[in-house]
Structure formats: structure tokens, C-alpha cells
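Here is the structure we will look at, set down as C-alpha cells.
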Amino acid sequence: MARTLARCNAHYERASRRLPLGVSSNYRFWGKSRTLYLDRARGPRLWDLDGNAYIDYRLGYGPTILGYAHPEVDEAARAGMEIGGVSALSTPYELEVAERIAGMVPAAERVRFANSGTEAVMASLRLARAHTGREAHLMLEGGFHGLFDAVLWRSERREVDGRVEYVVVPDSQGVPRRVGDLVHQVPLNDCQRLEDVFREHGDRLAAFLIELIQGNCCGIPSTREYVETARKLCDRYGVVMIVDEVKTGFRVARGGAQELLGVRADLCTFAKAMANGYPISAIAGRAEIMGKLGPEVPQGGTYAAHPVSLAAAAKTLEIIEKSDALERIESYGRRLWRGMDSILRDYGIPHSFSGHPSMGGIVLTASPPQSMRDWEDSDHELYNAIAANLNDLGILCEPDSCEPWFVSTAHDDACLAETLEKVELAVDAALEARERAARRA
Ligand code: PMP
């Protein structure tokens, strides 16, 4: 399972003296000896500085839905460049992309653009507070919505007097503790708990911020019953339902997870797949709430609605709307699951698949997780060992099972065959290592 990372390691040594952890996003740091630096990416593959080739299932945490360096999208981006740059004036691209979004997402009565998922969620939460005149919000355990104070909270498992309890704690230093007074969390798919929390806090909640498919917790999907309950409770208590579709949007269905699960958000957020990797995000929703944008709630910024990203978004969304791109990535994901299922079954490893095949979670538990709590009980040690072996063998998945496996239209039959062949090798080696360790113990 040899892979030379001499150049990556040497680059890390130099980079870490100037850039904290040697990277520009904490999630790109995989340890001193395993942090990768990219040389180039094309289609479904990328190459590191050492020339190691990988079939990529991370796709930048989702954006690259049509594969890297997609000719039509890149050509559109170059046309966007012809505008001449950032001018602090709007361009007609904005309306074009907003119309495309509205055509696919019924909830998107009005649309605004920003640069990142974080910015979009931040604006949507502020809008929800402005609309309701309330300050608190409810999130799901295991949800992720970006790097800002209001959402950098997680539920931590604790044993108190032999009982398991979950406590909401800050997910970063520097987050004011008092922000936590405004944050509530619930486990996904527990309708009773949701009703209880709304009964207790509903009148003070501005928003229920939810990923309908938990893209940062192995892709756990909401049940239809849960979504219906959530919608009903939000309506009853006047709480803004914000569906964060940063990962699911324009990927799991043209109308996102909302279409898949038959629900209409009050506000929703998009990013990632909407421009095949060019930096852009969108806040969309009910005209009444979005109408607060103006003197009452500011939104915008120097780089908002950058013409290059918008031009790329226009082309990407056109392809997603008009071609069979989404059907193809779903079918590939299903075949990947079938192949993995047969391998893991042969080895007698309890496993399940979670969420949507185009961004599927692979979890080492006997039945699909219903919430983060189930995911916590899966066999992380074995999964992480298999993932590390896969990385060594040229299959790039996240080192832990939090992150689903993302599929692009560039993944073809050859990728599938190579992936499954390597999954078998990776599983075999991980089990062998586990047995060796058990014998030594
Ligand atoms: N929401 C969700 C559901 C996400 O998955 C992410 C990023 N992984 C974000 C928000 C934040 O997006 P960004 O990294 O573009 O700020």
C-alpha cells in the first residue's frame, strides 16, 4: 500500500511555518505526514504534488458535481471574466441565475447571492430574527452550517450518574458563551423530542435551521414524518424554517432535498453544486421574509454576485436542469453502494448506507443511522482504517465517515471498477491489521 508523499510532506514543512497547520481551511490538514497538496484536477480525478493520482469522492465537499475543469462551465466562467471585474454594480447574470433557481426550487420566490455557504446561512438566520422579532434558534445535533458564532455549537455526549445526556457546547474557542443561550439542539428524527422543545421554547425561536439530509453527519436523511412534523410546528409557533441546502441543493434533486422530501422551506440556502466549484452561494425564500432585505436588514458585500461565479452558475444550473446529470450521479452512487455492500457482506462487516446515493454515507453499523447518536455508535476505528488504506491506494474519501461520498457526472464505469477493486483491498488490509493488533494484545 505504498504511496510516496515526499513532496507533500516537504511542502507541509515549509507551509506550516507561514500558514497555520500549513493550510487555509482546518479540514485540509490531515496530519504532518498525510496532508495533501494539489497539483491538478480533471474530471473525476486529482493528482497531488508527488504525482499520486486519486479518484476523488470528496469533490471539495460537494461542489464539483460535473467533474473538475468542466469545459462548458469553464468557458462560461471565462465569458464572465470578460465583464471586466468587480464593479459594485449588478449584472444581468444575477437575474438569469435567480430565475433558474426559482424554476427548480418552488420556495425560491426571491433570491440573493453571497460568496459562501457560511455567509448565506448567516444572512438567513438574521432575516429570520428580523422577521420574527425573536433571537433564539434550533438546530439539529450533527448539523453543520458554517463557521460563525451562532452555529458553532455541538451536542456532546456525557455520562451523568450512569445516564447518557447530550449537552450543547461551543465548537470553537472564541465563541461567546452567552450566544449559547440562544442555541437549542435536537436529535434528528425524534418527533416527540421536537414537539417537546417547541412546546417549551417555540415562542422564543426565530428559526429551525435544518439540513434535511445531514451532509456533515454521514448523510442521515430526515424521515417524511419528521419533516412534516417540523413544518407543522414551525407554522404553529411562527418559526422560520430554514432548510440549509448548501450540500444537497441541485444535487439530490433539481429542487434539492425539499423536492425529495416534499416540503417547502420559508428560507433556504444554496452553494456548492450550484456553480461546479466557483465561489458563490444563494439565500432564497418567501417574498415576505426576503423583502426585509433593504434598509431593515443589510445583505451584500464587495464580492457578492461575482460575474465569473455567476456565469459559471448559470451554465452549471442549465446543465443540471436540462440534462440527465442528476440521474447519472444517483445511478453511479447506487452501483457504488451495491458493490460495497457485496464486499462488506463477504467480509461479515455490519454496515449500512445512508442518505442519497449522490452523496451517500457509508456507516459501519447494522442498520442505517437515524441521528448523530446512532452514527456515534458505529465502528469508527475500522472505517477510519479502511478510509486511510483507500487514500493510500488512490481513492480519495474523507478520513472519517462524517462526510458522505460525493459523486460527479465524470465518474464512469472505469472509476467504479477501480474503486471497488480497491475497496476490497482496503477492507482486507484493515481487517488483517486489526487481527494482528488483537493477537499482540
Ligand atoms: N451549510 C452546510 C450544510 C455545509 O455543508 C457547509 C460547508 N460544508 C456550510 C453550510 C458552509 O459553507 P461554506 O464552507 O461555503 O462556508
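Each ligand, and each atom within it, is numbered from 1 in the order the structure gives. Along the sequence shown, residues carry numbers from 1.
- Taking the ring axis of Phe198 as reference, the NZ or CZ atom of Arg236 does not stay both within 45° of it and closer than 6.0 Å to the ring centre.
- Each of the following atoms of ligand 1 lies closer than 4.0 Å to a heavy atom of Ser116: 15 (O), 16 (O).
- Ionic pairing of Arg254 and Glu327 is present here: one or more N-O contacts between side-chain nitrogen and carboxylate oxygen are shorter than 4.0 angstrom.
- With a 4.0 Å cut-off on non-hydrogen atoms, Asn216 touches ligand 1 through its side chain and not its backbone.
- Here the protein heavy atom with the shortest distance to atom 16 (O) of ligand 1 is Thr118 OG1, 2.6 Å.
- Taking all heavy atoms of Val121, Val246, Ile213 into account, the minimum distance to atom 6 (C) of ligand 1 is reached by Val246.
- Residue Tyr61 places every heavy atom at 4.0 Å or more from ligand 1.
- The protein atom (non-hydrogen) at minimum distance from atom 10 (C) of ligand 1 is His145 C, 3.4 Å.
- Note that Arg224 lies outside the cation-pi zone of Tyr226, set by a 6.0 Å cut-off to the ring centre and a 45° limit from the axis.
- Residue contacts with ligand 1, taken as heavy atom pairs separated by less than 4.0 Å, do not involve Ala271 at all.
- Of the charged side-chain nitrogens involved, none lies within less than 4.0 Å of a carboxylate oxygen, so that Arg373 and Asp377 do not count as a salt-bridged pair.
- Glu94 places a side-chain N or O within donor-acceptor distance of the main-chain N or O of Thr91, the cut-off being under 3.5 Å.
- Within ligand 1, counting atoms from 1 as listed, the ones closer than 4.0 Å to a heavy atom of Gly146 are 9 (C), 10 (C), 11 (C).
- Using modelled atom types, one finds no donor on one side chain facing an acceptor on the other under 3.5 Å when comparing Asn9 with Glu13.
- At a cut-off of 3.5 Å, with distance as the only test, no side-chain donor of Asp374 or Gln370 sits close to an acceptor on the other residue.
- The aromatic rings of Tyr57 and Trp405 sit tilted, their planes meeting at an angle between 30° and 60°.
- In terms of protein heavy-atom proximity, atom 7 (C) of ligand 1 is nearest to Lys272 NZ, 3.2 Å.
- For atom 14 (O) of ligand 1, no protein heavy-atom neighbour is present inside the 4.0 Å cut-off.
- In this structure, the protein non-hydrogen atom closest to atom 12 (O) of ligand 1 is Gly117 CA, 3.3 Å.
- Asp244 OD2, 2.6 Å is the protein heavy atom nearest to atom 1 (N) of ligand 1.
- In summary, the aromatic rings of His380 and Trp375 are positioned with their centroids under 6.0 Å apart.
- The shortest N or O to N or O distance between Glu211 and ligand 1 is not under 3.5 Å.
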